[in-house]
Amino acid sequence: MGGVTSTQEEGVPAAPPWGAARLHIVTGKGGTGKTTVASALAIGLAAHHHRVLLTEVEGRQGISQTFDVPPLGTEETPVTRVAGGGEIVGLSVEPKAALLEYLQLFYKLGRAGRLLEKFGAIDFATTIAPGVRDVLLIGKIYEANRRRQDGRHKGDSPPAYDSIVLDAPPTGRIGRFLSVNSEVADLARMGPIHSQAESITRLLQSGQTVVHIVTLLEEMPVQETLESIEELGAKGFHPGAIVVNMVREPLFDDAALDQAREGRLHKPSISAQLAEAGVKVTPALVEGLLDEARDHALRVDLEREQLALLESTGLPIVTLPALPGGVDAVAVRELAEVLVAEGMVR
Amino acid sequence: MTPAPTPPVPAPPRLDVDRLIDDPSIGIVVCCGSGGVGKTTTAAALALRAAEAGRKVVVLTIDPARRLAQSLGLTQLDNTPRPVHAIDTSKGGSLDAMMLDMKRTFDEVVIAHSEPEKAEQILANPFYQAVSSSFAGTQEYMAMEKLGQLKASAENWDLIVVDTPPSRSALDFLDAPNRLGSFLDGRFIRLLTAPAKASGRAGLKVFGMGVQLVSSTMTKILGGQMLSDVQTFVNALDTMFGGFRERADETYRLLSEDGTAFLVVAAPERDALREASFFVDRLEADGMPLAGLVVNRITRVAASGLTPARAQAVAESLEDGAGPRSATNAAGVLRLHASLVRTAERQRELADGFSLGHPGIPVVHVPALGRDVHDLEGLREVGDALSGS
C-alpha cells in the first residue's frame, strides 16, 4: 500500500490530489476510528498550517476524550498546540446553539428568539424538521470557514482557520448529511434557510472540500465504504483518501501463511525451536499456537480480499497501524506522523 | 518472580443467555448498543438459537449487512416478517425475520388511522414525505411502532427479538416515544394547529401577541411555503395524533415490563463500553429490565501457559540467530501469540472496568470468530459463543 502519491522522493511526498482542500470531512462506519483519524489529521495539518479547527457534530465528545481535555462546548476552545507553532481549536457543534446564533447574526432577534424557544419552535427546527438540523450543523462549519481573523466574513483579513476537519456522521448517514440542499429544497423553497443551503452546497461540492473515509479491513465497513464512495460521487462530492485503520504488521511471509492456513506449519521443528529457547513445550501448547496461526492466516486472507476491493476504487489508500496499547493523546500524534509520511497531508 | 496480585475486581455474575431465551415469561429481547459492535448479528444469532430451542420467534432487524440479511432469507425490504427456512424445527420452534422499512411503517400507520381521503392528503404532503423518510428520529419511532404491532399480533410468536437503530447514541431508541409525546403536546404544535381550528385571526388571539411574532419569525426563517406545508401536515395528522402518542406510550410501558429483557451489546473498546455504561445507567434510572452486557468479539487465545512477555522474548532470541526457516516461523507464531494475549488482556481490563462501575450486572464475553457471519451456520456459532457452549 503506497500511500497517497506514488512519486515520493527523499521522504518528501508530493501534494495530495486534494491539495487545495481547506475542509476535510472524515466519515466511516461506526467503530472504525473516525474520531481518531480526524484528530490525527488535524494534528498533521496543524504541523504545516497554523490554525486548524477540529469539529464534531454528534455531541459524542470524542475529541475531548481523544485529547484528554474537558468536554468541548459550543464555543471554539483551544485543544492543543503542535510543534512548529500550530494550534488545534475544538468545537462541538450543537444545533440549538447554532440556530440561536444564526438567528442573532441575521435577525438580531431579542425577544423573538426567546419566544421561539419557549414555544418549542427551536426544538421543532432542530429535532423534528427534517434537514434543518443538518443545515444548521454544517452551516456553523460554513460560517467558520468563511470567517476572517478580524471576525468578519469578508474583507482582506486572512482566514481565521487554515484548515477545518469535521468528524462527521458515519457512512450510513453521510450522503444525506451533506446533501443539505436537496434535503431542504422541497421544504424551504425560498427564504434564508434555502439560500443558506445553496451556499453550503457550493462549498461542499467545490475543490475546497474533500471527504475521507475510514475503514477497517473487514467486510461490513468495506462494503459501506464502497457504497459511500459511489453515493458521494453521484451527489457531486469529492471522495479523498480511504484511510485503512488498525492494520497489523505481517508476522509471516506468504509461504508460511499457506502452511499456517492448512495446518502444515512443521510442528516438530517449531516444538524443537521453542524447547531450545527454553519454553516448556506441551502438545496442547503447540496445537494452540498453530490454531492461532491458522485463524490469523484466514484473517489475513479476508483482509487481502477487502483491500483488493478498496483498491478497485482507484482512490488513494492510506494505512494506519494498529496500536497495541489503544489510542490516547500520545498515540494520536504518532498516527498523525504516519498520515504525514503517507502523504495525506502536504 | 511471583505474579503481581490481581486487582480485586469481583467477578461479575455470568449472563446466562440460554436461560433467558428458554424463559417462557420473556416475550421481548431488545439488543442495544452503539454502532459497529455486532448488535444485529447478536440479535439474529439469539433469535435463531431461541427458535431452534423450540420458541416461536420473530426477529426485527433495522439495517442488516447485506450478507447477513441474505442468510436470513431477507432479500427485500418489504416490512413483513418472512419465515426463515432451513432451521432446525425438531423442538417445535419457528423463526420469522423482517427488516424495518420506516417509510412504509409510517404510511401504514397513516392509512390505518385516517379516513381514506385524509390519508391521501397526508401521504402527498411534502413535509410528511420528508419526515417519514428522514433518518433523524423517524427510525426510532417506527421501530417502536413496529414492535408494538408485532406484539399485538402475538398469537404468531412467543418471542420478539429486536435490533435497535444505529443511532448516534443508543439512548435515542428509548427517548423516541417521549420526544414524540412532548412534541405533540407542545405549544408549538398547538400554535400551528390553532389558526386552522379557530377561524383566522380570532384563533391567534387565544395565544396573544407572542404568537404573531413567532409565526412571522418562523415564516421569515423557514419561508412561508414550508410553514404552510407543516400546518397542512399537522392539521391532517391531528386526528391520529392522540392514537400515535398512546401507542408510543404503550410500547414504552411494554418495554418496562418484566416480560422484556434488554441486552446491552458492546465491543471490548473504550468508546463502546462507555456508551454501554451510559445505556445501563439509563435503563436502571428508567426502571427498565436489564438482562446484562454482552462483550462481543473478545480476541480468541487458543494456547495457554505462555505469557506474552516470555513469548516475545523467545521470539526475539529465535530471530537473532539467523537460524533455519522453522525458527522464523516459530518466532512468528510466538509474536502472534504475544499480541493476541496482550489484546485479550486489555479487552478484559476494559470489560472489568465496566463491571467495577456496575457491580452485579451479568456479563458474558463472546470470543471473536475468524470470519464475518453470513449464513445460518455462522449465526449458530455466534449463538454457541453467546451461551458459552
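The chains referred to below are lettered A, B, ... by the order of the sequence lines, with proteins before strands, and numbering in each begins at 1.
For chain A, the nearby part of B/Ser304 is the backbone; its heavy atoms alone come within less than 4.5 Å. Proximity to chain B involves both the backbone and the side chain of A/Glu292, based on heavy atoms less than 4.5 angstrom apart. Interface remark: B/Leu340 contributes side-chain atoms only to the contact with chain A (heavy atom separation under 4.5 Å). Of the two parts of A/Ala272, neither the backbone nor the side chain holds a non-hydrogen atom closer than 4.5 Å to a non-hydrogen atom of chain B. For a residue to count as touching a neighbouring chain, one of its non-hydrogen atoms must lie under 4.5 Å from one of that chain's; by this rule A/Leu265 touches chain B with the side chain only. Proximity to chain A is limited to the side chain of B/Arg346, based on heavy atoms less than 4.5 angstrom apart. Residue B/Val37: no heavy atom, backbone or side chain, is found under 4.5 Å from chain A.
For A/Lys34 (side chain) and A/Gly28 (main-chain N/O), no donor-acceptor pair under 3.5 Å exists by modelled atom type. A distance-only check finds a donor-acceptor pair linking the side chain of A/Glu56 to the backbone of A/Gly62 [under 3.5 Å].
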List the steps, then state whether salt bridge (charged side-chain N to carboxylate O under 4.0 Å, His left out) holds for B/Asp271 with A/Arg60.
CA-CA 10 Å; B/Asp271 292 355; A/Arg60 286 189 301 118; 5.1 Å; no
Salt bridge (charged side-chain N to carboxylate O under 4.0 Å, His left out) between A/Asp254 and A/Arg304, worked out:
CA-CA 12 Å; A/Asp254 280 2; A/Arg304 287 182 179 174; 3.0 Å; yes
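Taking chain B as the reference chain and counting heavy-atom pairs below 4.5 Å, the highest number among A/Glu227, A/Glu249, A/Glu287 is found for A/Glu227. Of the listed residues (B/Val333, B/Leu369, B/Leu334), the greatest number of heavy-atom pairs within a distance under 4.5 Å of chain A belongs to B/Val333. Of the residues considered (B/Arg270, B/Arg274, B/Arg335), B/Arg274 shows the highest number of contacts with chain A, using heavy-atom pairs under 4.5 Å.
Summarising the geometry, atom CE belonging to A/Met246 is positioned 8.5 Å from atom CD belonging to A/Glu218; distances are rounded to the nearest 0.5 Å. A distance of 12.5 Å separates CG of A/Leu290 from NE2 of B/His337, quoted to the nearest 0.5 Å.
By the neighbour-count criterion of 12 heavy atoms within 6.0 Å, atom NZ of A/Lys267 is sparsely surrounded, having that number or fewer from other residues, nucleotides or ligands.
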